[in-house]
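The structure under discussion appears below in the form of structure tokens.
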Amino acid sequence: MDNNKLAELLFPEIDKTPQEYEAMYPARWEEPGDVIVTRLGPSPTGFIHLGNLYGAFVDERLAHQSRTPDGEQGIFYLRIEDTDDKRYVEGAVETIIRSLGFFGINFDEGATMEDSSVADDASNGAYGPYYQSQRGPIYQAFVKDLVRKGQAYPCFLTEEELTAIRSEQEANKETTGIYGKYAEKSRNLTLEEIEANIAAGKSYVMRLKSSDTSAGSVNGASGKVKYEDRDGVTYFHVNDAIRGDVAMPVNDQDVVILKANGIPTYHFAHVIDDHLMRTTHVVRGEEWLMSLPIHVELFEKLGFELPTYCHTAVLMKIDEETGNKRKLSKRKDPELSLDYYRKEGYHPQAVKEYLLTILNSNFEEWRAANPEADIDEFRFTTEKMSSGGALFDLDKLRDISKDVLLRIPADELADYLLEWAREFKPNAAPLLEDKEYLTQILDLGRHDNKPRKDLIYAKQIFDFISYFYDEYFIIEERIPEQVSDEDAKEILKRYLETYDHSDDQSQWFEKIRTITADLGYAVKPKDYKKHPEDYKGSVAHVSTVVRIAVMGRSQSPDVWSIQQILGEDRVRERISQLIG
RNA sequence: GGUCCUAUGGUCAAGCGGUUAAGACACCGCCCUUUCACGGCGGUAACCCGGGUUCGAUUCCCGGUAUGAUCACCA
């Protein structure tokens, strides 16, 4: 068979050669050193989840903390993998960029916020186009070259034939797919048959003509792949930055590289794009690990240097029904959606920090040693990444969030809370517009030696501070059982009578003590504890009555400080209200 | 079923041939305290199983077992 003729028959329009494309996308640096180029390659479904964020964070850190010998920063770019037209969702790219931007992850290059269907140049950077759907001619040029070299061929198998082959294989308990003898029919088509099929308008795909690359027939992916014979089966070894040495049988499947519509499959697009865009590190979920043999073969056959793979672990959770670990699913698990965190009002910084603690086992230690340091100062390493799937732990997130929020100044927190409320609690938002008031509230008890850590996420914060706003103030707890209704009234009556808003904290508490003693309660809680029969209750119970009157609840920060923020009028009014 | 990843307390995890097997979260108790939180102290709780290698295995090797992943003209 004349491969050149076949190539021309299949791709008459394609006139560029791989060499020309190589020249169009030269090396990014003359002296790259250890600089890293990563990419995020989402399909534009518009659904960004925690797993994406997790991976994106690895990409971003890896690239941005690396430098060339000349001090230039590594590059993190966005490539849209829209080879499956069924998946496209309107506005998805914008959503992706915005969602990640919310968490402080920004791209240096690639697809931009502009609408790709409107703007000619919806991306920036010299290694585009960054939409795979716009790269058709590039892929085809490389496939054409593969055909010339006899390493790819058209396959006219229909869906029915494919299904028949699969059924046969399943019945025989063989590996499914097109390989070995199952590939022969298509591989052995003559030029005339192919011509006739095409003339008849038959639809076809392009398949890779798989062969054992271990013989060293090609460039060897620049020494990054090692081969080994295990009982007659050829295995290859690749060093994964997260998992270390990974060994698998070499690929023998004649996988589809170009679909019937001329668009490449993920496998082919990955190899071409990451090579041409000069990606050094490919970060992707472990679900891709099993297709590594295909990619290794493609890199070998095309003579490209293999990038460094980083196969990340999948985020898991315990399934309530089965009790087993399982991959987080976007259908069942709302906490997988990034929107969930926005709605609950988890601060992006907290989510980021949580992700880092499960991403790098030594992060927590580093954070403990450097509580004030910027998160980007942490030196992220793939070696410290766990290769097992971590369970998502909401408790841990909350714990981390407390500390993260403590490091954020109250006025910034006020802005954050207001912004959150505008979107998710619009009725309450106007109340929060009084920033000075809100800031005081949020700053309560944060500057002591042992600062309070009451604030976790926006929704919780709002509930926590809601009593500061009359519109949300309700008495939600009963007075303690040690205090009779009569006493409660008496306590509040006397409290109101003696109340002086200008009292300092100790003067204020002295008055509480007086009331406590006068009504037969223990001024020292310990006395009541030791001799409960001598008292009705203790100062704790008396204080609780005041708490409930002023805040509607028994648990809160320091009462005196709260009253100072609430203001005299509100305090008096709330107490009078309860006395009736 | 084939192939591959993984395997330390409830969870996340240090460990990389000899340790009283760290630490964090959660849980429990005590202390601090006008409540709660914070903080401090203490506690319960772990090396999947079976063979090897070795003077000695949580650690190395080989088998199981289990979890997970993957076997598309989806990514």
Side-chain angles (χ1 to χ4, degrees), chain A residues 41-45 81-84 86-87 132 155 157 159 162 166 169-170 173-177 203-207 233 240 242-243 246-249 253 255-267 269-270 284-293 311 313-314 316-318 324-327 354 357-358 361-362 364-365 367-368 384 386-400 402 406 445-446 448-455 464 477 480 509 512-513 516 523-526 538-544 546-548 551 553-560:
Chain A
S43 63
T45 58
E81 311 213 332
D82 52 354
T83 54
D84 180 14
K86 288 185 283 289
R87 285 197 175 205
Q132 288 184 334
C155 169
L157 256 26
E159 222 174 300
L162 253 14
R166 177 194 305 275
Q169 289 167 333
E170 280 170 357
K173 301 202 169 177
E174 291 175 310
T175 306
T176 55
S203 145
Y204 65 96
V205 298
M206 293 301 299
R207 286 185 187 275
V233 180
D240 184 288
I242 295 173
R243 287 154 200 270
V246 171
M248 281 181 235
Q253 295 266 351
V255 291
V256 174
I257 51 177
L258 230 46
K259 298 188 264 189
N261 58 7
I263 291 177
T265 54
Y266 169 85
H267 306 301
H270 151 56
R284 47 153 63 154
E286 72 173 330
E287 67 268 24
W288 290 110
L289 200 51
M290 294 308 295
S291 40
L292 193 54
H311 287 99
V314 193
M316 318 276 273
K317 81 173 270 180
I318 294 287
N324 288 332
K325 260 191 182 185
R326 60 146 230 262
K327 198 171 159 180
Y354 170 69
T357 66
I358 56 176
S361 55
N362 50 342
E364 249 184 310
E365 200 181 324
R367 175 49 89 196
K384 282 290 181 184
S386 163
S387 49
L391 278 186
F392 185 77
D393 186 350
L394 205 56
D395 277 327
K396 189 79 178 177
L397 203 211
R398 290 187 174 147
D399 182 64
I400 288 169
K402 287 181 190 177
L406 193 59
R446 302 176 97 219
D448 305 340
N449 288 339
K450 294 186 292 180
R452 298 187 66 90
K453 295 180 185 173
D454 296 315
L455 314 179
F464 187 75
E477 281 181 59
F509 193 57
I512 299 257
R513 283 204 170 103
T516 301
V523 172
K524 291 180 179 169
K526 272 184 182 162
S538 76
V539 68
H541 303 114
V542 175
S543 301
T544 300
V546 175
R547 275 202 151 75
I548 289 173
M551 275 95 74
R553 56 183 83 171
S554 64
Q555 301 176 4
S556 74
D558 172 60
V559 179
W560 180 82

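Here is how names work: the chains are called A, B, and so on, in the same order as the sequence lines, proteins then strands, and each is numbered from 1. Worth knowing before you read on, the calculation uses all heavy atoms, side chains too, and leaves out hydrogens, waters and symmetry mates.
- Of the inter-residue distances, the one linking A:N362 atom CG with A:R367 atom CZ reads 13.0 Å to the nearest 0.5 angstrom.
- In terms of polar N and O atoms assigned as donor or acceptor, the side chain of A:R547 comes within less than 3.5 Å of the base of B:U34 in a complementary pairing.
- Rounding to the nearest 0.5 Å gives a distance of 12.0 Å between CD of A:E81 and OG1 of A:T45.
- Counting to the nearest Å, the P atom of B:C36 and the CG atom of A:D454 are 13 Å from each other.
- In this structure, A:A247 reaches the sugar-phosphate backbone alone: every heavy-atom distance under 4.0 Å involves primed, P, OP1 or OP2 atoms, never a base.
- Nearest heavy atoms, A:A269 versus A:P264: CB-CG, 4.0 Å.
- In this model, the phosphate group of B:U34 is not approached by any side-chain N or O of A:K526 to a distance below 4.0 Å at OP1 or OP2.
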Check nucleotides 25-30 of chain B for protein N or O atoms closer than 3.5 Å to its own N or O atoms and list the pairs.
from, atom 1, to, atom 2, distance (Å)
B:C25, O4', A:K396, NZ, 3.4

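- Distances from the side chain of A:Q555 to the nucleotides B:C36, B:C32, B:C38 place B:C36 closest.
- Across the C1' atoms, B:A46 and B:C27 are found 16 Å apart, a figure rounded to whole Å.
- Using a 4.0 Å cut-off between charged side-chain N and carboxylate O, A:K396 and A:E364 make a salt bridge.
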Worksheet, complete the sentence: RNA chain B in dot-bracket form (Watson-Crick or G-U pairs under 3.5 Å, [ ] crossing, | inter-strand) is ((((.(((.[[[..)..(....]]].(((((.......)))))....[[[[[..)....]]]]])).))))....
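- Residue contacts shown for A:D558 include a base, since a base heavy atom lies under 4.0 Å away.
- Counting only distance, with no hydrogens or angles, the side chain of A:Y354 and the backbone of A:D393 share a donor-acceptor pair below 3.5 Å.
- Atom P of B:G50 sits at a distance of 16 Å from the matching atom of B:A66, rounded to the whole Å.
- Distances from the side chain of A:A260 to the nucleotides B:C73, B:C32, B:C36 place B:C73 closest.
- Across all strands shown, A:P293 has no heavy atoms under 4.0 Å from either base or sugar-phosphate atoms.
- Residue contacts shown for A:S556 include a base, since a base heavy atom lies under 4.0 Å away.
- Residues A:R166 and A:T176 meet the side-chain proximity criterion, which asks for heavy atoms closer than 4.5 Å.
- Residue A:I242 contributes atom CD1, which lies 12 Å from atom P of B:U6 at whole-angstrom precision.
- In this structure, A:R166 reaches the sugar-phosphate backbone alone: every heavy-atom distance under 4.0 Å involves primed, P, OP1 or OP2 atoms, never a base.
- Using atom P as the reference point in both B:C41 and B:A26, the two lie 16 Å apart (nearest Å).
- Using a 4.0 Å heavy-atom cutoff across all strands shown, A:V539 reaches sugar-phosphate atoms only and no base atom.
- Among B:C38, B:C5, B:U35, the nucleotide with an atom closest to any side-chain atom of A:A540 is B:U35.
- Under the 4.5 Å side-chain criterion, counting only non-hydrogen atoms from C-beta, A:V559 is not in contact with A:S543.
- B:C60 and B:U54: their C1' atoms are spaced 10 Å apart (whole Å).
- Considering only the side chain of A:K259, B:C74 comes nearest among B:U3, B:C38, B:C74.
- Look at the P atom in both B:C61 and B:U53: the space between them is 15 Å, to the nearest Å.
- Rounded to a whole Å, the CZ atom of A:R398 is 17 Å from the C1' atom of B:A24.
- If you measure from atom NE2 of A:H267 to atom P of B:C74, you get 9 Å, rounded to the nearest angstrom.
- For the OP1/OP2 pair of B:G15 and a distance below 4.0 Å, the side-chain nitrogens and oxygens of A:K384 include at least one atom meeting the criterion.
- One distance of note links CZ of A:F509 with OG1 of A:T516; it measures 7.0 Å at 0.5 Å rounding.
- The C1' atoms of B:A24 and B:A69 are separated by 28 Å, rounded to the nearest whole Å.
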Fill in: Residues A:K524, A:V539; criterion side chain to side chain contact (heavy atoms under 4.5 Å, CB included); working and verdict
CA-CA 7 Å; A:K524 291 180 179 169; A:V539 68; over 6 Å; no
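- Straight-line distance from the NE2 atom of A:H311 to the P atom of B:U6: 13 Å, rounded to whole Å.
- For the OP1/OP2 pair of B:A13 and a distance below 4.0 Å, the side-chain nitrogens and oxygens of A:S361 include no atom meeting the criterion.
- Atom P of nucleotide B:A75 and atom OH of A:Y266 are separated by 10 Å, given to the nearest angstrom.
- Taking the P atom of each, B:G18 and B:U58 are spaced 11 Å apart, rounded to whole Å.
- Side-chain atoms of A:S554 stay outside donor-acceptor range of the base of B:U35, with no qualifying N/O pair under 3.5 Å.
- Taking the C1' atom of each, B:G51 and B:A14 are spaced 28 Å apart, rounded to whole Å.
- One can place CG of A:D448 at 14 Å from C1' of B:C36, the figure rounded to the nearest angstrom.
- Residue-level contact check: A:L157 touches the bases, meaning some heavy atom is under 4.0 Å from a base atom.
- The line from CD of A:Q253 to OG1 of A:T175 is 7.5 Å long, rounded to the nearest 0.5 Å.
- Along RNA chain B, the nucleotide closest to A:F464 and the one closest to A:E159 are compared, and the more 5′ of them pairs with A:F464.
- For the atom pair CZ (A:R284) and CG (A:L292), the distance works out to 6.5 Å, reported to the nearest 0.5 Å.
- A:T357 OG1 to A:E365 CD: the interatomic distance, rounded to the nearest 0.5 Å, is 13.0 Å.
- Atom CD of A:E170 sits in a crowded spot, with more than 12 heavy atoms from other residues, nucleotides or ligands closer than 6.0 Å.
- Along RNA chain B, the nucleotide nearest A:S291 and the nucleotide nearest A:E174 are compared for position; the residue whose nucleotide lies closer to the 5' end is A:E174.
- We find that the ring of A:F509 and the base of B:U34 stack, their centres lying under 5.5 angstrom apart and their planes tilted less than 30°.
- Side-chain proximity of A:M290 to the nucleotides B:U70, B:C73, B:C71 is greatest for B:U70.
- Separating the CG atom of A:D240 from the P atom of B:U6 is a distance of 10 Å, rounded to the nearest angstrom.
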